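First comes the structure, then the notes that go with it.
Letters go in sequence order (proteins before strands), and every chain restarts at 1. Quantities reported herein were computed from a predicted structural model and do not represent experimental measurements.
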There are 2 protein chains.
Amino acid sequence: MQKKRITLKDIARETGVHVSTVSRALDPVERKTITEEVAKKIQAAAESLGYRPNRIAAGLRTNRTMTVGVMIPDITNVIFPPILRGIESVLEPLGYASIIVNTDSERDREIRLLDVLRDRGVDGIIHAAVLRSDPSIASAAQDGLPVVTLNRKVEDSDIPYVINDEDAGICQMLRHLRELGHTRIAHIAGPQDLSTGQLRLAAFRRAAEDLDTEVDENLIVVATRFDEQEGARCLIELLASGKTFTAVLCANDRLALGAIEVLRERGIDCPRQVSVTGFNDMPFLDLIRPKLTTVRIQQHGAGRAAAEILLRLLNGETADDVDIETILPVELVIRESTAPCP
Amino acid sequence: MQKKRITLKDIARETGVHVSTVSRALDPVERKTITEEVAKKIQAAAESLGYRPNRIAAGLRTNRTMTVGVMIPDITNVIFPPILRGIESVLEPLGYASIIVNTDSERDREIRLLDVLRDRGVDGIIHAAVLRSDPSIASAAQDGLPVVTLNRKVEDSDIPYVINDEDAGICQMLRHLRELGHTRIAHIAGPQDLSTGQLRLAAFRRAAEDLDTEVDENLIVVATRFDEQEGARCLIELLASGKTFTAVLCANDRLALGAIEVLRERGIDCPRQVSVTGFNDMPFLDLIRPKLTTVRIQQHGAGRAAAEILLRLLNGETADDVDIETILPVELVIRESTAPCP
DNA sequence: GTAAATCATGCAATCGATTGCACATTTTCG
DNA sequence: CGAAAATGTGCAATCGATTGCATGATTTAC
């Protein structure tokens with residue numbers, strides 16, 4: 001049914017040369033070994049027949065498919081689409097395509113989907129996982145498959161990784177709150193089995209120490225998911241504890257939005273009575289009132305950076321040649337959800 | 001460098017049979033032609049060696065890659081991620097992977113990316129484009145490549161398509177506004193070169209006729225993009241025209257949000273003075289005040305439906321066997337941005 | 001003017017899995 | 001018991017492109 005594709009053989013027949021000659025004439029590197037005139041003729045024939053190389057066949061022979069795998073937890077999480085576009089902006093112009101899979105942060109899925117990618121002979125993988133450990137991707141890298149991780153460092157490996165400077169972000173935010181006069185600062189932390197959750201909590205503690213702010217352990221509540229519902233629950237828990245606080249530094253925007261919602265319901269004015277901050281600067285934030293003060297992380301930029309590193313690996317550079325660590329700067333975005341301590 | 005993959009040949013050597021026998025033992029369909037005992041042994045060997053079939057090689061031979069292409073305008077547009085998950089929810093369990101490309105609604109990109117997909121031998125394509133016409137995808141379908149379009153019907157072709165019942169949605173929304181007593185109803189239409197923009201405007205006119213509502217052409221403003229900025233611009237234009245209106249039916253949520261923003265700035269109360277409605281029911285809408293009354297379309301469901309149809313095409317059913325048209329029901333979601341006519 | 005070097009092209013193997021056909025062995029049945 | 005049928009396995013071609021090597025033609029060099 002499918003209309004027959006034009007192959008090298010067709011061009012060879014058409015031009016009266018051998019397929020290997022055709023192959024060479026069409027390969028920019030090998031072309032120079034062919035008479036100019038013949039090459040021209042072959043190219044013309046290829047063009048007029050509408051030849052398109054069969055990457056499957058080439059891939060079988062060369063072991064390069066010009067396809068990369070991208071593993072993310074969940075594409076419906078707004079932070080990932082910009083990352084994907086960032087990756088694409090680097091790889092697509094060079095002829096790479098991306099197979100994207102959602103792991104839902106489940107280890108089983110991750111293992112299975114990794115196989116899905118390897119079975120298809122992807123040339124490399126960008127892994128934007130969030131689980132704090134996973135041996136499968138490490139072992140894939142061990143086998144020689146180029147891998148770059150995003151948002152997370154794989155311990156004890158020489159897999160290059162790209163992360164945002166979360167430490168600096170949390171620290172800047174805490175300093176911002178301190179400068180506004182807040183001293184009783186609560187933290188709604190993210191899930192501790194996710195690297196961002198854990199990282200940001202650790203950063204919060206460190207930042208507090210750096211800024212000589214005492215950390216009241218009762219003012220730290222850990223969410224089980226990064227969503228509004230959990231943000232709400234955590235804030236209710238904070239209120240119920242009876243401990244006073246004038247600011248809440250949340251581990252991400254959605255937690256903050258949930259928290260603000262509860263404050264509103266209880267008639268507590270944000271930012272007049274309690275300041276709330278987020279992290280990530282997700283899209284549409286400026287449509288939600290009060291506009292959230294947050295930390296902007298580079299999403300597109302992170303994707304781009306990861307893709308650029310992967311590219312170097314694909315071109316034969318080893319993990320020794322590239323920087324193992326890429327830390328992207330973040331930016332404090334002060335909007336309306338923070339105000340001086342009452 | 002890359003650790004050698006186990007191939008059929010390795011298993012054959014290990015078990016002392018021919019590769020073709022191994023191949024058959026590992027193929028659930030062919031397995032029955034092999035002695036039970038031999039098959040068991042081969043499977044055990046495959047298992048213990050950690051064999052993974054090379055889909056590239058199989059794909060070359062069989063012309064099936066178990067990979068599909070998905071073309072969307074822009075993954076950062078919040079309506080697409082759920083569609084992708086919907087597609088994935090059907091195809092992934094069956095062993096399919098998806099190559100996703102962003103066309104940015106540019107014809108050149110679309111043509112190029114279609115080739116990117118075909119070069120990689122995708123078994124089929126789900127095309128969630130928005131341009132009102134494009135010959136390339138039609139010609140691909142003509143060549144026998146299974147194609148399903150989403151959100152748009154390709155004229156003069158037998159390509160199956162999945163759409164949401166936009167007509168019904170617009171009509172229900174208009175009826176809702178009429179029931180609230182509104183008679184002077186403006187429409188902020190989407191870009192007319194995008195199918196949704198055009199479709200919804202046509203639906204608005206039709207619905208008005210059905211409901212015996214006069215359409216004041218001066219109360220129809222066409223946006224050039226589907227975003228808040230354009231929504232704002234269009235509302236300003238409406239206000240400037242001097243024509244009175246008590247409700248604005250917008251072609252999508254973002255236009256509506258932009259419009260509401262302008263109303264707020266001008267001190268016009270929504271919904272007390274002017275009702276505003278959206279379309280799509282995008283995520284996070286319930287975090288934005290006033291909560292937008294809108295039409296919920298099935299995103300995940302649309303992806304699922306498209307994938308199911310594609311699957312039938314992949315399994316050899318022709319366009320004659322499957323329904324060319326799938327129209328998914330929409331749902332009116334009444335929130336806070338609409339109120340009785342003042 | 002001939003040997004050597006250079007160049008353009010063809011040949012054939014290869015990547016790994018699939019599959020039609022042939023062959024050998026076993027089973028069935030008259 | 002012998003021929004026919006059924007069964008299990010091997011052989012080899014195939015998918016399309018790539019590439020090391022061989023070959024023949026041409027140029028260069030002495």
Side-chain angles (χ1 to χ4, degrees), chain A residues 2-43 45-46 49-67 95 118-123, chain B residues 2-43 45-46 49-67 95 118-123:
Chain A
Q2 194 121 345
K3 204 204 284 183
K4 202 177 148 303
R5 263 180 92 108
I6 302 298
T7 70
L8 288 189
K9 210 188 283 182
D10 298 317
I11 302 178
R13 189 176 335 102
E14 190 80 7
T15 54
V17 299
H18 194 266
V19 290
S20 61
T21 308
V22 177
S23 173
R24 293 191 178 101
L26 264 27
D27 177 342
V29 176
E30 292 282 306
R31 177 143 57 237
K32 63 173 84 56
T33 71
I34 298 271
T35 314
E36 177 84 16
E37 184 197 2
V38 178
K40 279 267 192 300
K41 183 176 68 178
I42 291 171
Q43 286 175 281
L49 290 174
Y51 171 74
R52 296 246 86 217
N54 181 330
R55 284 209 190 281
I56 298 286
L60 178 59
R61 178 67 221 251
T62 63
N63 253 318
R64 295 204 88 188
T65 55
M66 295 302 282
T67 303
R118 304 187 78 177
D119 291 351
R120 285 168 179 74
V122 294
D123 295 337
Chain B
Q2 195 122 343
K3 204 204 282 183
K4 200 177 149 305
R5 264 181 92 108
I6 302 297
T7 70
L8 288 189
K9 210 188 284 179
D10 297 319
I11 302 178
R13 188 176 335 103
E14 190 80 7
T15 54
V17 299
H18 194 265
V19 291
S20 62
T21 307
V22 177
S23 173
R24 292 190 178 102
L26 265 27
D27 177 342
V29 176
E30 291 282 306
R31 176 141 57 235
K32 64 172 86 55
T33 71
I34 298 271
T35 314
E36 177 84 17
E37 185 197 2
V38 177
K40 278 267 192 301
K41 183 176 67 179
I42 291 172
Q43 286 175 280
L49 290 175
Y51 172 74
R52 297 246 86 218
N54 181 330
R55 286 211 190 281
I56 297 286
L60 178 60
R61 178 66 220 250
T62 62
N63 253 319
R64 295 205 90 188
T65 55
M66 295 301 282
T67 303
R118 302 186 78 178
D119 290 352
R120 283 169 180 72
V122 294
D123 296 337

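Atoms NZ (B:K41) and P (D:dG8) sit 15 Å apart, rounded to a whole Å. To the nearest angstrom, C1' of C:dC7 lies 18 Å from CZ of A:R31. The separation between B:K32 atom NZ and D:dA6 atom C1' is 16 Å, rounded to whole Å.
Taking OG1 from A:T65 and CG from A:L60, the interatomic distance works out to 11.5 Å, rounded to the nearest 0.5 Å. Atom CD1 of residue A:I11 and atom CG of residue A:L26 lie 5.5 Å apart, to the nearest 0.5 angstrom.
For the residue pair B:R120 / A:T67, a side-chain donor-acceptor distance below 3.5 Å is found, with atom types taken as modelled.
Terminal axes of the helix from C:dG1-D:dC30 to C:dG30-D:dC1 (five pairs each, C1' rotation axis) are separated by 50°, to the nearest 10°.
The shortest non-hydrogen separation linking B:K32 to B:V29 is NZ-O, 2.7 Å.
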Take B:Y51 and B:V22, measure what side chain to side chain contact (heavy atoms under 4.5 Å, CB included) needs, and give me the verdict at the end. CA-CA 11 Å; B:Y51 172 74; B:V22 177; over 6 Å; no

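Remark: the backbone N or O of B:R24 is not paired with any side-chain donor or acceptor of B:D27 at under 3.5 angstrom.
By the 4.0 Å N-to-carboxylate-O rule, A:E36 lies close enough to A:K40 to be salt-bridged with it.
Contact check for B:R55 versus B:R64: no side-chain heavy atoms found under the 4.5 Å cut-off.
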Per-nucleotide protein contact string for nucleotides 9-17 of chain C, where B marks a base within reach and S marks sugar-phosphate only (heavy atoms under 4.0 Å, - for neither): BBBBBBBBB

